[in-house]
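Data first, discussion second: the structure below is written as C-alpha cells.
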Amino acid sequence: MPIARGYAATDASKPLTPFTFERRNPNPDDVVIDIKFAGICHSDIHTVRNEWKNAVYPIVPGHEIAGIVSAVGSDVTKFKVGDRVGVGCFVDSCIGCAERDLDREQYMPGLAGTYNDFEADRKTRTQGGYSDSIVVREGYVMSIPDNLPLDASAPLLCAGITLYSPLRHWNAGPGKKVAIVGMGGLGHMGVKLGAAMGADITVLSQSLSKKEDGLKLGAKEYYATNDPETFTKLAGTFDLIICTVSAEIDWNAYLGLLKVDGSFVVVGAPENPIPVHAFSIIPGRKSISGSMIGSIKETQEMLDFCGEHNIVSEIEKINIQQVNEAYERVLKSDVRYRFVIDIASLAA
C-alpha cells in the first residue's frame, strides 16, 4: 500500500506531530493526488480536540485540499496526470441509496468524510490533507481553474462552498440586500462571492477593525455589532443574513434586521442551543435555516464561478511545522483570513 507522510493528532490534549501512514491501493476509478496545499478550517480544530465528541485517533486533518494529479486508474475519464484538482469535505457517498440526490448530496446518508471517518468499505479510516498524497474516487475530485493560484484556492473547498451554497440557494443577486455576520475565514468569502453575484453586501462584525478589508473585498456597508445603534438603524433591512460565527449572539436582535419573508441562515455552529423568541419570527414570516457545504456538483460550479470572477481566499501561507501555533491563532481570530499549509514543507 502507498505510504504517505503528514501531521496527525494522537490525543485530544496533544499537539499535532509528524505521522507516517498507509493510503489505500488505488482502484480503477481512483485518482491519486500529490497534495500541494491544505487549508486550516476551524472544524479541524474542533475535531482533533474532540470538541464534537466523535474523534477516533490518530487523525490527519484537512478537507481543503489542492494538488496535482499524479496517477489515474484505468476507468478514470475526467482527469489526467498533471491536472490541477481539489478535494473537499467528503470523499465518497452511498451511490446506491434510494435517497441519493446529486444536487443535495451533502444532506444525504452515507457520506464519507475526508478525515475521521471511513471509506466506502466502512472499514478503512479516512485521513485528510495535512499530508503529501491522497487517493480519491474520480467522482469526488474537482477541477481547479487554471487562472486561480493553488494555494489560495484550497480554502474554496470548504470556506468557499460553505458560503456559496446558501447565497445561491437564497437567490443572492441584484436587488437583494445581504448581511454577512462575521468577517473571518468564512465571512470574507461571503463578501467576495455575494458581491460577485451582484448582491448588496453589508458586513456585521463585532468591531470596525476589519472595515477597510470588508469594503475592499466588495461590501457596500460595514457596521459594528457592539454598537447598539446598529440594530436600530438597520432594523428591517435585509432579505438574507448569513451568520458565520460560532460565538454567542443576541439572536432576537439579529432577526429584527430582516425584512418580511427574510431568512437568517446559520453556517457557523454555536456550542449552545439557539434561544429565539417566537415573536421574533412570527410577525414578519421570517425563517431561521441552516446550510452545510455543498454537493460535488455545486462545489465544481462554485470553483468555475470563482475562476470566472478571479475569486480566491485571502490567505497566510505557513509551513506544516507551524500548524499548532496556527491553531492557537485561529482561536484568537489572528489571521486574515485563512491559513494554508505549504505541504512542500514536510520535506524540511
Side-chain angles (χ1 to χ4, degrees), residues 1-7 20-40 60-93 112 114-115 119-120 126-161 164 294-313 315 317-320 338-348:
M1 299 179 82
I3 300 298
R5 295 185 306 142
Y7 265 54
T20 300
F21 61 104
E22 292 182 339
R23 290 288 188 190
R24 63 179 173 80
N25 287 317
N27 295 313
D29 60 348
D30 279 331
V31 176
V32 183
I33 301 165
D34 284 341
I35 299 174
K36 301 301 181 183
F37 301 98
I40 293 178
V60 178
H63 57 207
E64 297 181 340
I65 300 169
I68 303 294
V69 174
S70 61
V72 297
S74 58
D75 293 344
V76 172
T77 60
K78 295 180 183 177
F79 302 101
K80 64 183 185 304
V81 172
D83 282 353
R84 295 153 41 90
V85 294
V87 177
C89 298
F90 58 101
V91 291
D92 215 324
S93 63
T114 303
Y115 63 86
E119 300 271 5
T126 58
Q127 300 289 7
Y130 297 11
S131 59
D132 57 9
S133 65
I134 193 168
V135 180
V136 183
R137 285 181 63 193
E138 177 182 29
Y140 300 85
V141 179
M142 287 147 286
S143 297
I144 294 177
D146 289 340
N147 62 307
L148 300 182
L150 273 184
D151 53 2
S153 295
L156 299 179
L157 278 303
C158 177
I161 187 58
Y164 181 90
S295 65
I296 297 298
K297 177 181 175 182
E298 187 176 45
T299 304
Q300 185 63 63
E301 176 188 303
M302 176 272 305
L303 288 168
D304 294 341
F305 179 87
C306 288
E308 292 168 12
H309 295 272
N310 290 302
I311 295 173
V312 288
S313 184
I315 67 168
K317 193 158 54 177
I318 63 168
N319 291 335
I320 200 164
R338 204 75 163 178
F339 282 118
V340 171
I341 301 168
D342 183 350
I343 297 301
S345 62
L346 266 172

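Small disclaimer: the values here were computed from a predicted structure and weren't measured.
Side-chain contact between Val32 and Arg23 is absent, with no heavy atoms from C-beta onward closer than 4.5 Å. The side-chain heavy atoms of Pro145 and Leu303, taken from C-beta on, include a pair separated by under 4.5 Å. You'll find the side chain of Val87 stays beyond 4.5 Å of the side chain of Leu157, heavy atoms only. For the pair Ile40/Tyr130, a side-chain contact is recorded, criterion being any heavy-atom separation below 4.5 Å from C-beta on. Residues Asn25 and Pro2 meet the side-chain proximity criterion, which asks for heavy atoms closer than 4.5 Å. At least one side-chain heavy atom of Tyr140 sits less than 4.5 Å from a side-chain heavy atom of Ser93.
Residues Val135 and Pro26 share a closest heavy-atom pair of CG1-CA, 4.0 Å. Residues Phe79 and Val141 come closest through the heavy atom pair CZ-O, 3.3 Å. When all heavy atoms of Glu138 and Val76 are compared, the pair lying nearest together is OE2-CG1, 3.4 Å. The heavy-atom pair separating Val60 from Tyr115 by the smallest distance is O-CB, 3.2 Å. For the residue pair Thr114 and Gly62, the shortest heavy atom distance occurs at CG2-O, 3.7 Å. Listed here is the closest heavy atom pair of Ser131 and Phe21: CB-CZ, 3.9 Å.
Checking each of Ile65, Val91, Asp30 against Val136 for a side chain to side chain contact (heavy atoms under 4.5 Å, CB included) leaves exactly one that passes, namely Val91. Considering Ile296, Val85, Leu156 in turn, Ile296 is the only one that fulfils the side chain to side chain contact (heavy atoms under 4.5 Å, CB included) rule with Met142.
Between the CG atom in Leu148 and the NE2 atom in His309 there is a gap of 11.5 Å [rounded to 0.5 Å]. The distance from the OG1 atom of Thr299 to the NZ atom of Lys297 is 12.0 Å, given to the nearest 0.5 Å. From Ile343, atom CD1 reaches atom CG of Asp151 across 12.0 Å, with rounding to the nearest 0.5 Å. Rounded to the nearest 0.5 Å, atoms OH (Tyr7) and CD1 (Ile341) are 9.5 Å apart. A distance of 4.0 Å separates CZ of Arg84 from CG of Leu150, quoted to the nearest 0.5 Å. Rounded to the nearest 0.5 angstrom, Cys89 SG and Ile161 CD1 are separated by 9.5 Å.
Checking side-chain atoms of Asp132 against main-chain N and O of Arg5 turns up a donor-acceptor pair under 3.5 Å. Side chain of Asp83 to backbone of Lys80: a donor-acceptor contact under 3.5 angstrom is found. A distance-only check finds no donor-acceptor pair linking the side chain of Glu119 to the backbone of Ala112 [under 3.5 Å].
Within the structure, side-chain hydrogen bond (donor to acceptor under 3.5 Å, both in side chains) contacts touching residues 338-348 (residues at least two apart or in different chains) are Glu64-Arg338.
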